[in-house]
Structure formats: C-alpha cells, structure tokens
Amino acid sequence: MSARGNAAIVTAATVIGSGLNFAATLLWTRLLEPSAFGIYALVSAAAVLLNGMLFEWLRLVAARTLYDPAAARGIDPTRADAVVALYAGVVALFVAAVAVLSLLDVGVAGVAARWWPVLAGFALTEMALTLLQTVQRLRMRAWGYFWNAVARSLLALLLGVALVVGAGMGARGALLGIVVAQGVVAAVSALADPLWRAVRPWRAARAPVAAALRLGYPLVASCALAYAASFADRFLLGATLGADAVGLYAAPVDLLQKTLVFLMMTINLTGYPTLVRAYEERGAAAARAVLQSNLELQLGLGLPAAMGLAVLAPGIVALLLGPAFRTEGARLLPLIAAAALLRCLVTFHLMMAFQVTRRMAWMIVPPLATLVVLVPAGLAGARWAGLPGMALAALAAQAASFAAGALLAKRALPLRMVTPTTARIALAASAMGLVLAPFRARTDAGATIALVAAGGALYVALLLWLRVPAATRTAAAMLDGVRRTRP
C-alpha cells in the first residue's frame with residue numbers, strides 16, 4: 001500500500017474513533033451529574049497518568065527502534081522480544097504494587113483506593129492497545145489500525161451506555177466499558193497477528209534489552225512529567241474545589257480533546273512514520289522538511305479550530321454539552337482552547353525533534369516548565385478565581401512549556417516556527433475570528449451550525465486568496481479530479 005493510502009486509512013480510523021469518543025463525552029455530560037462526571041474524569045486521568053509514568057516510555061522506545069525494513073514483517077524480532085519482555089516485567093511490578101496498595105487502602109492522585117482495580121485495568125489495557133497501534137503504524141498496516149481504533153471506541157461506547165443506563169452503574173459503568181473494550185480489542189489484535197504470535201519474550205537477549213533500557217530510561221521521567229502536566233489541573237481542582245468542580249472543568253477540556261487535539265494528533269499519527277523513515281534514510285535535512293510541512297498542516301487545522309471554539313464558545317457548549325455544564329463551559333472554553341493549541345504544538349511538533357534525533361533527555365524540559373508554573377499558579381488561581389483562575393494558570397503554564405520547547409528544538413533541528421506560510425495561516429484565522437466575533441451571543445443550534453460552516457468557508461477562501469501552498473495544491477487537485485470525471 002502507498003504511503004498516501006496508508007495515511008488516508010489511518011486518518012479515517014482516527015476520525016471515526018474520535019467521533020465515537022466525542023459522542024461518549026456528549027452522552028456522559030447528559031447522563032452523569034457534574035460530581036459523577038468529575039469522578040469519571042479523575043479516575044480516567046489517574047489511569048492515563050499511571051500509564052504514562054510506567055509504560056509510555058516503552059511505547060516510545062518501540063516507535064523509535066522496532067522498525068527494520070530488512071525484517072520479514074518490517075519489525076526487528078529480537079527488539080520485539082526485548083520490548084515485550086520489558087513490558088511483562090513492568091506489568092508484574094505494577095500488579096504487585098496495586099495489590100499492596102489496595103490491601104493498605106491507599107489511594108492515588110486524589111482517587112480513593114476502591115478504584116484501584118479499575119485504574120489498573122485501564123492502565124494495563126491502554127498500554128497494550130497503544131503499543132499494538134504504534135507497531136501497526138510503523139508497519140504501514142493501515143487496515144489493522146483501522147479495526148483496532150474503531151472497534152475499541154465503538155465497543156467502549158456501547159458497553160458504557162449499557163452499564164450506565166441499563167445497570168445504573170454511573171461513573172464506574174462508563175469506566176468499565178472502556179477497560180473491557182480495550183482488553184478485548186488488544187487480545188484479539190495480538191492473537192490475530194503472526195508478528196505477536198511469534199514473539200518470545202522469555203528468549204529476549206541481554207543486548208537488545210540493555211539497548212532499550214539505555215534509550216528508554218531518560219523517557220521515564222519525561223513521560224511521567226508530560227502526563228502529570230497534562231492532568232495536574234484536574235487533580236489540583238479535586239484537592240481544592242472537589243469532584244463537582246473537576247466535572248465542570250473536565251467537560252470543556254474533553255470537548256477540546258475530541259476536536260482540536262484530535263485534528264492535530266491525526267497529522268502526527270500519519271506523519272510520524274514518515275518522519276522516522278526520512279531521518280533514518282535521508283538524514284536531518286529531510287526530517288526537518290517533514291517537520292516543517294507537518295507544522296504548517298497542524299497550524300492550518302488547529303489554529304482556526306481554536307479560534308472558532310473560542311469565539312463561538314457559548315453556542316458550541318449549548319449545542320454539545322449537557323445543561324449543567326454550559327455556563328462554566330462557555331467561560332472556560334476560550335482559555336482552554338488557547339492552552340490546548342500550545343500543548344499540541346509542543347507534543348506533536350517540538351517533541352518530535354527530540355524523539356527523531358534521540359535526544360530523549362530534552363523531553364523532560366517542556367513538561368517540567370509546565371508543572372513549575374501550573375502548580376503554584378493553579379492553586380492560587382483556583383482559590384482566588386475558581387475555575388477560570390485554573391484555566392488561566394493552565395494557559396500560562398503551556399506558554400512557558402512552548403517557549404522552553406521551542407528554544408531546545410532549534411538546537412536539535414533548525415526548525416522555524418514563523419515563516420511566510422505560517423504567518424498567512426495566522427492572518428486567515430485571525431480574520432475569520434474577527435468576522436465571527438459579533439455573533440458570539442447566538443446560542444441556538446441552527447445559528448451555531450451555520451456560523452461554524454460560514455467561518456470554515458471564509459477561512460478556506462482566505463487561505464486561497466493568500467496563496468497558502470497546501471490550500472492551493474489541494475484546490476488544484478480537486479479541480480483536476482473534477483475535470484477527469486467529466487465525460
């Protein structure tokens with residue numbers, strides 16, 4: 001399959017999977033009270049945080065080392081044995097720790113000890129699933145990735161609704177739906193793939209295990225810090241204002257996760273294998289060109305999305321969130337959108353420069369900068385200004401993270417954030433925001449949908465008028481396709 005076809009299928013899988021996850025957020029804000037949604041947000045965040053602290057470094061090591069064009073299945077079998085052996089070792093230690101903490105009735109990250117079984121299941125199944133998906137992308141097995149991503153999201157939604165509505169299990173039901181879905185899909189994917197059936201972790205050689213550990217040990221701290229920075233605001237709110245406040249804050253954050261973050265993540269998912277191959281096969285200059293192109297795509301999609309979400313926040317939350325979440329959501333969305341855009345640029349652009357050049361220790365700096373600003377500013381902001389204070393602290397923290405990451409990324413690869421193309425994209429997005437701003441007070445569904453469509457059309461027209469290369473190439477290709485279909 002061609003790289004373009006592979007990217008199209010991966011993108012389609014990500015669109016469908018994210019759409020189903022987006023539907024789940026809309027359902028939970030209608031089926032759960034803010035306090036229950038807050039518990040759901042805290043438990044899921046704690047599970048993802050544990051996953052990031054314990055297992056994410058292994059996924060990154062796999063993404064960077066397993067690809068081997070000379071191997072029969074595109075993956076070095078000795079390195080695969082080593083990665084799975086390390087994964088099994090971490091799982092054993094994690095399960096033992098969970099058993100001890102459960103017996104001692106010790107909670108984690110503000111979550112009570114009774115949630116440990118769900119937390120552990122969430123973390124273990126998510127890591128297994130993301131490792132499988134990473135290898136599928138490296139091998140350009142787009143249809144396997146498609147089934148994996150879509151089945152997980154669909155099954156999680158169906159099981160969650162059944163447990164919440166049919167069994168009355170509330171937040172626990174929504175979480176158990178995710179855990180079961182991830183476990184089933186991961187097990188079926190592994191058993192159906194000859195690559196994983198051939199893995200023999202007990203035969204892992206010392207040299208590849210040691211090599212993986214050498215590459216991975218700097219990532220342990222950076223991954224833990226990155227995930228802690230992503231969820232620290234929720235835990236700070238839980239400690240200062242309680243689960244109800246967490247629910248009201250997490251709803252617009254999750255809304256952005258399924259829209260803005262999804263758009264930018266999609267580009268990274270399809271572009272990362274190309275970036276690795278470019279660096280390994282053609283060197284730093286080729287990798288820099290790929291990263292520069294990805295930045296333009298990320299800004300081209302992410303900046304207008306953030307602008308539209310911020311300007312039309314009242315109408316968007318009225319359309320998408322449950323009644324109990326709308327007032328706070330409209331106040332928070334502009335600040336959260338700006339913070340999410342900066343976080344995505346750090347994660348999906350600047351961090352890629354560190355990964356591809358194997359400067360893993362540098363990945364500690366951006367999340368550390370985030371936490372240094374967020375913890376004191378968030379505690380003060382939540383006490384003095386409530387949820388908007390926390391959102392403003394999160395924005396300041398992400399700005400600090402972006403500044404630190406940009407300075408280091410220039411040393412890893414000579415990246416340019418400001419170019420004629422990115423300036424035109426910023427101009428087009430800003431003009432769109434100015435045109436939409438007078439209609440901010442419109443909150444009825446029909447007007448909101450019409451304004452979103454009009455804003456998108458205006459933005460595309462401005463890109464073409466400003467002659468942004470990606471927009472003009474896409475328009476030319478579409479016109480050429482139309483001409484070819486004519487008799």
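This structure is a prediction, so every number in the text was calculated from the model and none was measured. Note that the numbering runs from 1 along the sequence shown for the chain. Reckoned from all heavy atoms, side chains included, excluding hydrogens, waters and symmetry mates.
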> ring pair (Phe, Tyr, Trp, His ring centres under 6.0 Å) with Phe348: which residues, sequence neighbours excluded?
Replying inline: none
> Which pair of non-hydrogen atoms, one from Leu350 and one from Ala406, has the smallest distance, and what is that distance?
Replying inline: CD1-N, 3.4 Å
> How long is the span from the CD atom in Gln298 to the CG atom in Leu303, to the nearest 0.5 Å?
Replying inline: 12.0 Å
>> With a 4.5 Å cut-off on side-chain heavy atoms, are Thr29 and Phe37 touching?
In response: yes
>> For the residue pair Thr130 / Arg59, report whether a side-chain donor-acceptor contact shorter than 3.5 Å exists.
In response: no
> So, the side chain of Thr125 versus the backbone of Phe122: is there a donor-acceptor pair under 3.5 Å, distance only?
Replying inline: yes
> Can you check side chain to side chain contact (heavy atoms under 4.5 Å, CB included) on Leu387 and Leu241, steps first, answer last?
Replying inline: CA-CA 9 Å; Leu387 299 183; Leu241 302 179; 4.3 Å; yes
> When you measure from the side chain of Thr443 to the backbone N and O of Gly315, does any donor-acceptor pair fall under 3.5 Å?
Replying inline: no
> Only one of Val43, Ile39, Val164 forms a side-chain contact (heavy atoms from CB on, under 4.5 Å) with Leu175, so which one is it?
Replying inline: Val43
> Stepwise, does the side chain to side chain contact (heavy atoms under 4.5 Å, CB included) test hold for Ser189 with Trp196?
Replying inline: CA-CA 9 Å; Ser189 297; Trp196 297 111; over 6 Å; no
> Within a strict 4.5 Å, meaning less than it, do heavy atoms of the Met264 and Leu341 side chains meet?
Replying inline: yes
> Is there a donor-acceptor contact under 3.5 Å from the side chain of Thr422 to the main chain of Met417?
Replying inline: yes
>> I'd like to know if the side chain of Thr347 reaches the main chain of Cys344, judged simply by a donor and an acceptor atom lying under 3.5 Å from each other, with no hydrogens or angles considered.
In response: no
> Under 30°, 30 to 60°, or over 60°: which ring-plane class applies to Tyr87 and Phe55, parallel, tilted or perpendicular?
Replying inline: tilted
> Just by distance, with hydrogens left out, do Asn21 and Ser153 show a side-chain donor and acceptor under 3.5 Å apart?
Replying inline: yes
> Out of curiosity, Lys258 NZ to Leu26 CG, how far, rounded to the nearest 0.5 Å?
Replying inline: 9.5 Å
> Taking side chain as C-beta onward, heavy atoms only, is Thr421 less than 4.5 Å from Gln292?
Replying inline: no
>> Quick check: closest heavy atoms across Arg114 and Pro117, and the distance to 0.1 Å?
In response: O-CD, 3.6 Å
>> Within this structure, what is the CZ-CG distance for the pair Arg331 and Leu248, rounded to the nearest 0.5 Å?
In response: 10.0 Å
> Once you round to the nearest 0.5 Å, how far does CE of Met390 lie from OG1 of Thr240?
Replying inline: 5.5 Å
> With distance as the sole criterion, is a donor-acceptor pair present between the side chains of Asn148 and Arg141 under 3.5 Å?
Replying inline: no
>> Are Pro334 and Arg440 packed together at the side-chain level, in the sense that at least one heavy-atom pair is separated by less than 4.5 angstrom?
In response: yes
>> Contact between Leu119 and Trp116 at the side-chain level, heavy atoms closer than 4.5 Å - yes or no?
In response: yes
> With side chains defined as the heavy atoms from C-beta onward, is the minimum distance between Leu256 and Leu333 less than 4.5 Å?
Replying inline: yes
> How far does OG of Ser102 sit from CH2 of Trp115, to the nearest 0.5 angstrom?
Replying inline: 13.5 Å
>> Show the nearest heavy-atom pair for residues Phe402 and Leu342, with the distance to one decimal.
In response: CG-CD2, 4.1 Å
> Do the charged groups of Arg234 and Asp254 touch, with an N to O distance under 4.0 Å?
Replying inline: yes
> Backbone N or O of Pro366 within a donor-acceptor pair of the Ser401 side chain at under 3.5 Å?
Replying inline: yes
> Between atom CG of Leu236 and atom OH of Tyr249, what is the distance when rounded to the nearest 0.5 Å?
Replying inline: 9.5 Å
> Which is it for Arg424 and Leu463 under the side chain to side chain contact (heavy atoms under 4.5 Å, CB included) test, yes or no, and what are the steps along the way?
Replying inline: CA-CA 7 Å; Arg424 292 171 191 169; Leu463 290 182; over 6 Å; no
>> Is it true that, when you exclude Arg442 itself, more than 12 heavy atoms of the residues, nucleotides or ligands shown sit nearer than 6.0 Å to its CZ?
In response: no
> Crowded around Glu33 CD? As in, over 12 foreign heavy atoms under 6.0 Å?
Replying inline: no
> Can you list every salt bridge (Lys or Arg N to Asp or Glu O under 4.0 Å) pair that touches residues 236-253, not counting sequence neighbours?
Replying inline: none
>> Is it true that, when you exclude Phe22 itself, more than 12 heavy atoms of the residues, nucleotides or ligands shown sit nearer than 6.0 Å to its CZ?
In response: yes
>> When you measure from the side chain of Trp57 to the backbone of Gly52, do you find a donor-acceptor pair of N or O atoms at a distance under 3.5 Å?
In response: no
>> Measuring only between side-chain heavy atoms, which start at C-beta, is Val261 closer than 4.5 Å to Arg343?
In response: yes
> Within a radius of less than 6.0 Å around CE of Met351, do more than 12 heavy atoms belonging to other residues, nucleotides or ligands occur?
Replying inline: yes
>> For a 4.5 angstrom cut-off between non-hydrogen side-chain atoms, does Pro388 reach Leu332?
In response: yes
